[in-house]
Amino acid sequence: MTNLTLKQLRYFEALAKHGHFGRAADVCAISQPALSMQIKELEEQLGTDLFERGARQVRLTNFGEAFAVRVRNILRSVDELGDLARASHNQPVGRLRIGVIPTVAPYLLPTIIGNLTSLYDGLDIHVRETLTSKLVEELAEGRLDTAIVALPVSEPTLTEVALFAENFVLVRPSEDEGKPVPNREALREMRLLLLEEGHCFRDQALSFCNIQSALPRELMDGSSLSTLVQMVSAGIGVTLIPEMAVAVETRSASVSAVRFQSPQPSRTIGMIWRKTSPLAKQLTRISEVVRQSADAMREQHDSIWRAQDFEFDARRQPSALRNSNGAFAADKANDSALK
């Protein structure tokens with residue numbers, strides 16, 4: 001027992017997480033035989049098996065499950081020692097493990113990373129994109145330093161910092177451009193395309209429409225906002241997307257995006273981290289950079305929404321950035337205005 005090493009514990013954690021020697025070896029950047037040897041030595045030192053080995057998958061034994069809980073705590077404590085060292089600096093340095101939900105990552109991350117790396121030369125950013133529930137879990141286990149999510153998360157062990165509010169936009173087929181904007185009651189009668197179960201954005205859209213997730217027959221699920229917009233372009237239905245996604249997702253789709261009448265559906269985006277994190281001061285600084293990045297991007301989008309109305313004529317396609325109803329029609333004709 002005195003010969004257990006942190007390297008063995010990290011290999012064990014990787015195998016416990018992935019349930020496959022090959023995938024765990026890739027994550028640990030070693031060969032599969034080397035990983036197998038380390039796990040075997042660990043089991044011999046403990047005097048019992050940690051895994052049940054199958055033809056395609058390995059599973060934790062009962063002892064292995066109990067061992068895994070303690071290993072996570074040990075590795076988290078070790079990582080926090082590194083955090084303490086980083087916290088001694090006046091500005092963020094070293095590794096930053098940041099999680100982001102999928103309805104934010106593609107649109108905001110490029111600006112955030114660019115601004116952070118220009119401000120802090122010594123910052124090594126690692127990004128994890130996944131659902132909120134997984135991000136919260138990985139924060140609790142010490143696998144992430146912080147995450148950008150929709151608030152509230154309401155986890156008592158986490159600090160929540162609200163950064164900005166963002167409206168939702170209705171995306172409908174381009175032939176619907178100019179039609180009255182449906183209210184939430186009208187939306188309940190339409191074929192509404194939403195993200196699949198597990199996405200917080202789905203729940204927020206359903207809440208706005210006052211729809212119980214299991215009731216409507218006309219709901220259809222997609223795996224990403226890109227998929228939803230392309231389905232709308234094909235005439236399958238309508239969808240809601242966050243305002244930050246409009247420029248990217250409608251660029252190559254024959255759709256029209258339009259704001260709702262007030263009160264508009266919206267969400268609050270913020271950052272979360274462990275209340276016990278030694279990096280709290282640095283993460284607060286980083287949250288300000290994220291806020292400023294989002295504000296700059298939203299100002300660009302607002303300028304598009306406020307753009308002067310275009311007149312339709314024979315030389316133009318009926319796809320002006322904004323018509324008299326406030327619609328934002330997106331196709332190849334206005335690509336240049338979205339950039």
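Hydrogens, waters and symmetry mates are skipped; everything else that's a heavy atom, side chains included, is used. Only a predicted model underlies this, so the values are computations on that prediction, with no experimental measurement involved.
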field: Among Thr159, Leu158, Val149, Thr146, the one residue meeting side chain to side chain contact (heavy atoms under 4.5 Å, CB included) with Met271
entry: Thr146
query: Is there a donor-acceptor contact under 3.5 Å from the side chain of Gln8 to the main chain of Thr5?
result: yes
- prompt: Do Val153 and Glu160 come within less than 4.5 Å of each other through their side chains, counting heavy atoms only?
  reply: yes
field: Polar side chain donor-acceptor pair, Ser174 to Ser254, under 3.5 angstrom
entry: yes
message: With a 4.5 Å cut-off on side-chain heavy atoms, are Leu50 and Phe63 touching?
response: yes
Contact check, side chains of Arg72 and Leu75, non-hydrogen atoms, under 4.5 Å: no
field: Under 3.5 Å: donor-acceptor pair, side chain of Gln38, backbone of Pro33
entry: no
message: Surrounding NZ of Lys275 (heavy atoms of other residues, nucleotides or ligands, distance under 6.0 Å), is the total greater than 12?
response: yes
message: Would you say that Val161 contacts Ile272 through its side chain, given a criterion of any heavy-atom pair below 4.5 Å between the two side chains?
response: no
Candidate pair Leu228 and Val171, rule side chain to side chain contact (heavy atoms under 4.5 Å, CB included), full reasoning: CA-CA 9 Å; Leu228 296 182; Val171 179; over 6 Å; no
message: I'd like to check Phe260 versus Val169 (side-chain heavy atoms, cut-off strictly below 4.5 Å). Are they in contact?
response: no
- prompt: Do Arg267 and Phe168 pass the side chain to side chain contact (heavy atoms under 4.5 Å, CB included) test, and can you show the C-alpha distance, the side-chain angles, and the key distance before you say yes or no?
  reply: CA-CA 8 Å; Arg267 64 178 180 175; Phe168 301 164; 3.6 Å; yes
query: How would you list, by chain and number, every residue that makes a salt bridge (charged side-chain N to carboxylate O under 4.0 Å, His left out) with Arg184, sequence neighbours excluded?
result: none
- request: Evaluate the side chain to side chain contact (heavy atoms under 4.5 Å, CB included) criterion for residues Leu193 and Val232: first the C-alpha distance (whole Å), next the side-chain angles of each, then the deciding distance (0.1 Å), finally the verdict.
  value: CA-CA 8 Å; Leu193 313 177; Val232 172; 3.7 Å; yes
Close side-chain approach of Pro102 to Thr130, heavy-atom, < 4.5 Å: no
- prompt: Taking the six-membered ring for Trp, are Phe67 and Phe12 parallel (under 30°), tilted (30 to 60°) or perpendicular (over 60°)?
  reply: perpendicular
field: Given Arg97, Arg76, Arg128, the one that forms salt bridge (Lys or Arg N to Asp or Glu O under 4.0 Å) with Asp145
entry: Arg97
query: Is it true that atom CZ of Arg53 has more than 12 heavy atoms of other residues, nucleotides or ligands lying nearer than 6.0 Å?
result: yes
message: Looking only at side-chain N and O atoms, does Thr239 offer a donor or acceptor that is under 3.5 Å from a partner on Arg172?
response: no
task: Flag yes if Met37 and Val27 sit in one hydrophobic cluster, no otherwise; membership is Ile, Leu, Val, Met, Phe, Trp, Tyr, and two members link when side-chain heavy atoms are under 4.5 Å apart.
output: no
CA sep, side-chain torsions, deciding dist, call: Glu288, Arg285, salt bridge (charged side-chain N to carboxylate O under 4.0 Å, His left out): CA-CA 5 Å; Glu288 286 302 315; Arg285 290 188 180 184; over 6 Å; no
query: Is there a side-chain contact between Cys200 and Ile101, using heavy atoms and a 4.5 Å cut-off?
result: yes
- line: In short, Leu240 meets Ala205 closest at the heavy-atom pair CD2-CB, 4.2 Å
message: Between Asn73 and Arg70, do the side chains contain a donor N or O and an acceptor N or O under 3.5 Å apart?
response: no
OG1-CD1 distance between Thr132 and Ile148, expressed to the nearest 0.5 angstrom: 11.5 Å
message: For Arg298, is there an ion pair with Glu166 - N to carboxylate O distance below 4.0 angstrom?
response: no
task: Scan side-chain atoms only and decide if Thr61 and Glu52 contain a donor-acceptor pair under the 3.5 Å cut-off.
output: no
- request: Indicate, with yes or no, if Val127 and Leu144 share a hydrophobic cluster defined by side-chain heavy-atom contacts under 4.5 Å among Ile, Leu, Val, Met, Phe, Trp and Tyr.
  value: yes
Sidechain-backbone polar pair: Asn183 side chain, Glu185 backbone, donor-acceptor under 3.5 Å: yes
query: Under 4.5 Å between any side-chain heavy atoms of Gln204 and Phe208, yes or no?
result: no
message: Distance alone, cut at 3.5 Å: any donor-acceptor contact between the side chains of Thr284 and Ser287?
response: no
query: Measuring from Asp49:CG to Ile39:CD1, what's the distance to the nearest 0.5 Å?
result: 12.0 Å
statement: To the nearest 0.5 Å, atom CH2 of Trp273 lies from atom CD1 of Ile98 at 10.5 Å
- prompt: Hey, mind stepping through Glu249 and Ser226 against side-chain hydrogen bond (donor to acceptor under 3.5 Å, both in side chains) and telling me if it holds?
  reply: CA-CA 6 Å; Glu249 300 302 350; Ser226 296; 2.5 Å; yes
message: Applying side chain to side chain contact (heavy atoms under 4.5 Å, CB included) to Asp26 and His18, what does each step give before you reach the verdict?
response: CA-CA 10 Å; Asp26 289 341; His18 295 281; over 6 Å; no
query: Are Leu131 and Val100 joined in one hydrophobic group, where the rule is that I, L, V, M, F, W and Y side chains link up if heavy atoms are under 4.5 Å apart?
result: no
query: Taking His20 for the side chain and Arg23 for the main chain, is one N or O donor matched with an acceptor at less than 3.5 Å?
result: yes
message: What I want to find out is whether Lys134 reaches Glu137 closely enough, with some N-O distance under 4.0 Å, to be called a salt bridge.
response: yes
